[in-house]
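Inspection log for the structure reproduced underneath, given as structure tokens.
For reference, positions follow the sequence shown, starting with 1. Remember, it's 1-based here, ligands and their atoms both numbered in the order they're listed. Reckoned from all heavy atoms, side chains included, excluding hydrogens, waters and symmetry mates.
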Amino acid sequence: MTTHLTHWGVFEADSDGTRLTSVRPWRGDPEPMPLIDNVASAQHHPTRIDQPYVRKGWLDRGPGGAGRGDEPFVPVSWETAFELLSEELNRVYREFGAESVYGGSYGWASAGRFHHAQGQLHRFLNCLGGYVRHVNSYSYGAASVLMPHVIADMSVIEGHATSKKVLAEHSELVVAFGGLSPKNSAVSPGGVSRHNTRTWIAAARDRGCRFVSISPLRDDIPAEAEATWVAPRPGSDAALMLALAQVLDADGLADNDFLDRYTVGYQRFARYVRGESDGVVKDPRWAAAITGVPAEVIRGLAHEMAAARTMVTVSWSMQRAEHGEQPLWLGVVLAAMLGQIGLPGGGFGHGYGSSSHVGEPSRGVSVPRFPQGGNGIDRFIPVARIADMLLNPGASFDYDGRRLTFPDIKLVYWCGGNPFHHHQDLARLRMAFTRPQTVVVHDGFWTATARHADIVLPATMSIERDDYGAGQNDRGFFPMKALTRPHGQSRDDYVIFTELAERVGVGKEFTEGRTSHEWLRHLYEEWQSQVSAELPEFDEFWDSERIELPVPDPDQVLLADFRADPNLHPLATPSGRIEIFSETIDGFGYADCPGHPVWIEPEEWLGGLLARQFPLQLIANQPRTKLHSQLDVGAHSRSAKIGGREPVRLYPGDASARGLCDGDIVRIFNSRGSCLAGLVCDDAVAPGVAQLSTGAWYDPDPVDPSFCRHGNPNVLTADRGASSLSQGCTGQLALVEIEAYRSVLPEPAIDRPPATVDEGNPKG
Ligand SMILES: Nc1nc2c(c(=O)[nH]1)N[C@H]1C(S)=C(S)[C@@H](COP(=O)(O)OP(=O)(O)OC[C@H]3O[C@@H](n4cnc5c(=O)[nH]c(N)nc54)[C@H](O)[C@@H]3O)O[C@H]1N2
Ligand SMILES: Nc1nc2c(c(=O)[nH]1)N[C@H]1C(S)=C(S)[C@@H](COP(=O)(O)OP(=O)(O)OC[C@H]3O[C@@H](n4cnc5c(=O)[nH]c(N)nc54)[C@H](O)[C@@H]3O)O[C@H]1N2
Ligand SMILES: [Mo]
């Protein structure tokens with residue numbers, strides 16, 4: 001029996017050396033998650049990649065994108081794969097240089113910090129001279145650009161958030177825009193040892209704290225919260241927040257002392273709220289027409305907020321949308337108007353309920369990591385501009401006050417991510433993916449991305465290798481001993497890169513002469529000597545269940561020091577204060593993100609013109625039964641599917657108006673694409689809303705790749721940046737229509753490997 005860390009929890013498992021024979025949640029986890037059941041059931045699924053493969057057309061005709069995603073694969077030996085890939089890397093670096101290689105390779109990969117796939121790839125490409133990288137994330141692309149201008153870097157907002165313990169003990173009212181979803185806080189980057197969302201919410205509630213969940217889904221907050229549910233039209237929260245601000249201002253409830261001492265630009269914003277700058281008073285009646293939330297509810301909520309110790313929290317999803325900067329900025333402004341930033345249980349939060357680590361007090365120390373080395377070039381894209389980059393080399397675009405140019409990418413190398421899961425408008429991405437000369441993917445599974453590659457190398461799962469890890473802000477640092485031998489011929493990314501590095505002449509730089517186990521020991525010992533002599537020796541750690549890392553301040557309160565003395569502890573913003581009006585952003589002159597937060601009507605929302613044609617707002621949120629697309633073939637993920645398709649939830653009245661019944665296979669469509677899904681009628685979904693989570697492996701129809709047979713919502717979402725400021729992902733919302741699917745149901749092809757042709761290459 002050994003324990004194992006995943007992004008979605010720690011489990012204990014027995015193994016016969018080839019497979020896990022039993023899996024149980026770790027005893028230390030108070031709220032274990034059923035997602036752990038996906039691991040063992042997926043390990044030897046037919047969609048595991050069993051050996052190296054090369055796309056037939058690439059093998060026959062050489063580099064070039066024609067046929068990518070359509071042509072069969074040829075199984076090849078590791079020897080052949082290494083030979084082909086090392087020659088191709090040499091060619092591309094020689095002919096086009098590092099600026100032609102996209103190694104951004106966004107994705108969550110696996111828990112375990114040495115074998116973290118991106119880190120491995122980045123170090124390898126750095127040894128070759130570098131690569132075009134990405135900045136920011138799909139998670140909070142808008143926030144990571146906006147927040148440093150307004151209040152603080154995301155590492156502060158995220159890592160030093162007021163702790164859940166403090167919320168449980170001090171908050172009187174939690175107003176949660178985007179909810180506090182128990183499904184989301186199942187997960188944390190790098191792993192989570194003790195899930196506690198229900199626990200802290202129940203403790204707060206028992207003490208009398210009230211919760212208001214502002215979300216299109218009633219179950220975006222655990223039942224323990226006994227929350228009041230407010231469901232504005234999706235995408236309209238900025239208007240709701242402006243009206244809350246208007247009531248605070250008009251009714252004399254704003255904390256002017258706080259605004260004077262700790263913020264800049266309030267008067268500029270207030271003129272807008274009062275209608276002095278544009279003739280429109282942003283009062284509750286104005287907002288009611290936009291949001292659908294009655295004016296008295298908005299007015300009442302503003303008064304409640306002013307009367308209590310109030311935490312205003314905004315989910316990450318709120319900024320993963322058109323003009324996603326606005327509700328986030330307004331969350332900060334509301335909290336500033338209430339004057340409670342820096343006080344226990346009050347103030348502002350971003351991402352409570354988005355990931356388990358937000359609200360875990362900061363750990364005193366980091367954990368060992370595999371060093372990535374230095375990138376020889378400085379070219380990047382905001383991460384969600386991948387298709388734009390591949391389609392428009394040389395074109396220029398706006399980003400955070402700069403004008404940048406897309407590089408001309410010849411080779412794409414992806415490890416530990418699944419762009420055909422995570423990106424928007426997949427038919428467009430598929431087109432973009434035909435542009436590079438060569439696409440290389442390492443993955444454990446035949447994901448849609450692997451199916452759109454030329455050279456596919458099988459990577460081990462985390463249960464098949466030795467590693468260690470701790471989630472962000474997680475106290476538990478776990479050794480992760482291999483539980484089974486690798487599936488088929490799969491190899492660790494490190495082993496693959498070691499061999500490649502030797503062939504391209506950078507073996508020594510990449511490995512520094514160490515095997516992966518030698519690295520684990522070396523990095524641990526280096527870390528131990530820097531951190532504390534009291535930590536156990538490596539061998540003792542390796543044979544333990546875990547070690548507990550110190551947490552200096554369990555009662556952490558975001559920006560308490562700034563509140564205590566804003567001159568001694570100024571913010572890192574240009575003014576050192578919270579910027580309700582930002583001269584910097586104003587100076588960029590972006591119509592889609594002006595100098596203070598505003599309401600800007602999105603293109604795709606229920607109040608707009610396009611809703612006449614596509615009258616349902618699709619919520620493409622995170623899946624309850626898995627992490628993103630990972631282990632979608634696993635038992636827990638499959639248990640939620642309907643007829644092999646991803647479930648879509650619809651308000652019962654919206655279903656019956658379309659003649660649809662629970663369990664029907666339906667077609668969801670808009671002008672970009674369509675997909676099948678299995679219908680669930682549920683009054684936890686607001687009228688006018690359809691919820692289809694991400695994660696179903698993209699299963700394109702062979703004739704029409706904009707039609708996914710399995711239920712990936714990203715055939716429907718738009719590939720547009722949140723604004724010129726951030727260029728963040730906007731995948732959360734799209735307008736769609738739903739109808740019964742009347743044709744013969746196509747068999748999903750995604751749970752089988754792709755077509756292969758054996759050209760007599762040896763399998764060994
Ligand atoms: N419409 C819409 N789209 C969204 C979102 C949304 O809200 N709506 N959310 C976005 C967000 S926030 C995110 S973070 C992204 C997530 O997008 P991704 O992080 O790309 O999704 P994952 O499914 O986690 O992809 C990880 C891949 O790494 C592989 N892998 C795991 N371990 C290893 C390993 O050790 N080695 C190698 N080589 N591979 C490994 C897994 O098999 C999997 O295929 O999706 C985004 N997409
Ligand atoms: N189980 C599970 N947990 C996960 C993940 C996963 O894949 N599976 N992914 C992890 C990752 S990478 C990330 S970045 C986080 C993401 O964390 P979030 O972005 O917070 O999560 P989502 O599920 O995308 O969205 C949360 C809720 O926001 C609500 N919402 C959407 N649009 C609006 C709107 O316009 N207004 C309001 N008021 N509410 C809205 C939706 O009802 C949705 O359920 O989750 C993490 N946690
Ligand atoms: Mo994310």
- Item | Per-atom contacts, ligand 1 versus Gln732 - under 4.0 Å to a heavy atom | 7 (O)

- When you measure from atom 40 (C) of ligand 1 to every protein heavy atom, which one gives the shortest distance, and what is it? Gly416 CA, 3.7 Å

- Message: Within the structure, is a non-hydrogen atom of Ala109 found at a distance of less than 4.0 Å from ligand 1?
- Response: yes

- Task: State which residue, out of His710, His452, His628, fulfils the ring-ring contact (aromatic ring centres under 6.0 Å, His included) condition with His421.
- Result: His628

- Nitrogen or oxygen of Pro216 less than 3.5 angstrom from that of ligand 2: no

- Pick, from Ser317, Ala186, Pro623, the option with the minimum heavy-atom distance to atom 2 (C) of ligand 2. Pro623

- Message: Just to be sure I read this right, does ligand 1 sit under 4.0 Å from the backbone of Leu631, its side chain, both, or neither, counting only heavy atoms?
- Response: neither

- Query: Are the aromatic ring centres of Phe370 and His115 under 6.0 angstrom apart?
  - Reply: no

- Task: For atom 10 (C) of ligand 2, state which one of Arg320, His628, Arg624 supplies the nearest heavy atom.
- Result: His628

- For atom 9 (N) of ligand 1, find the nearest protein heavy atom and state the residue, atom name and distance (0.1 Å precision). Gln622 NE2, 3.3 Å

- Item | Asn184 and ligand 2 - part of the residue with a heavy-atom distance under 4.0 Å | both

- Message: Would you say the ring centers of Trp329 and Trp599 fall short of 6.0 Å from each other?
- Response: no

- Item | Top protein contact for atom 32 (N) of ligand 1, by heavy-atom distance | Ser110 OG, 2.6 Å

- How long is the span from the CG atom in Leu627 to the CH2 atom in Trp8, to the nearest 0.5 Å? 5.5 Å

- Note on the structure: Counting heavy atoms under 4.0 Å, the part of Glu464 that contacts ligand 1 is neither

- What's the shortest distance from atom 13 (C) of ligand 1 to any protein heavy atom, and which residue and atom give it? Tyr138 CB, 3.7 Å

- Task: Nearest 0.5 Å please: distance from the CD atom of Glu499 over to the OH atom of Tyr494.
- Result: 12.5 Å

- Which of these, Trp414, Phe445, Tyr106, has its nearest heavy atom closest to atom 14 (S) of ligand 1? Tyr106

- At what distance is the nearest protein heavy atom to atom 43 (C) of ligand 1, and which residue and atom is it? Asp443 OD2, 3.5 Å

- Message: Quick check: His442 with Phe497 (ring centres under 6.0 Å apart)?
- Response: yes

- Which is it for Ser139 and ligand 2 at heavy atoms under 4.0 Å: side chain, backbone, both or neither? both

- Should Trp108 be counted as touching ligand 2, given the test is an N or O pair under 3.5 Å? no

- Message: How far is atom 20 (O) of ligand 1 from the closest protein heavy atom, and which atom is that?
- Response: His422 ND1, 2.7 Å

- Closest protein heavy atom to atom 8 (N) of ligand 1, given as residue, atom name and distance to 0.1 Å: Ala620 O, 2.9 Å

- Message: Applying a heavy-atom cut-off of 4.0 Å, say which part of Ser629 lies close to ligand 1: side chain, backbone, both or neither.
- Response: both

- Among side-chain atoms of Ser462 and Glu464, is any donor-acceptor pair under 3.5 angstrom? no

- Message: For atom 41 (C) of ligand 2, what's the nearest protein heavy-atom neighbour? Residue, atom name and distance, please.
- Response: Asp220 OD2, 3.2 Å

- For Asn714, the ligand 1 atoms whose distance to one of its heavy atoms is below 4.0 Å: 1 (N), 2 (C), 3 (N)

- Query: Just heavy atoms, cut-off under 4.0 Å: does Gln424 contact ligand 1 by side chain, backbone, both, or neither?
  - Reply: side chain

- Query: At under 4.0 Å between heavy atoms, which part of Gln691 makes contact with ligand 2: side chain, backbone, both or neither?
  - Reply: neither

- With backbone taken as N, CA, C and O and side chain as the heavy atoms from C-beta onward, which portion of Thr625 lies under 4.0 Å from ligand 2: side chain, backbone, both, or neither? neither

- Can you tell me if Arg48 has a non-hydrogen atom under 4.0 Å from ligand 1? no

- Task: Output the list of atoms in ligand 1 that are nearer than 4.0 Å to some heavy atom of Thr717, sorted by atom number.
- Result: 1 (N)

- Specify side chain, backbone, both or neither for Asp237, according to which of its non-hydrogen atoms lie closer than 4.0 Å to ligand 2. side chain

- Return the residue, atom name and 0.1 Å-rounded distance of the protein heavy atom closest to atom 23 (O) of ligand 2. Lys183 NZ, 2.7 Å

- Considering only the protein, which heavy-atom contact is closest to atom 36 (N) of ligand 1, and what is its distance? Asp493 OD2, 2.7 Å

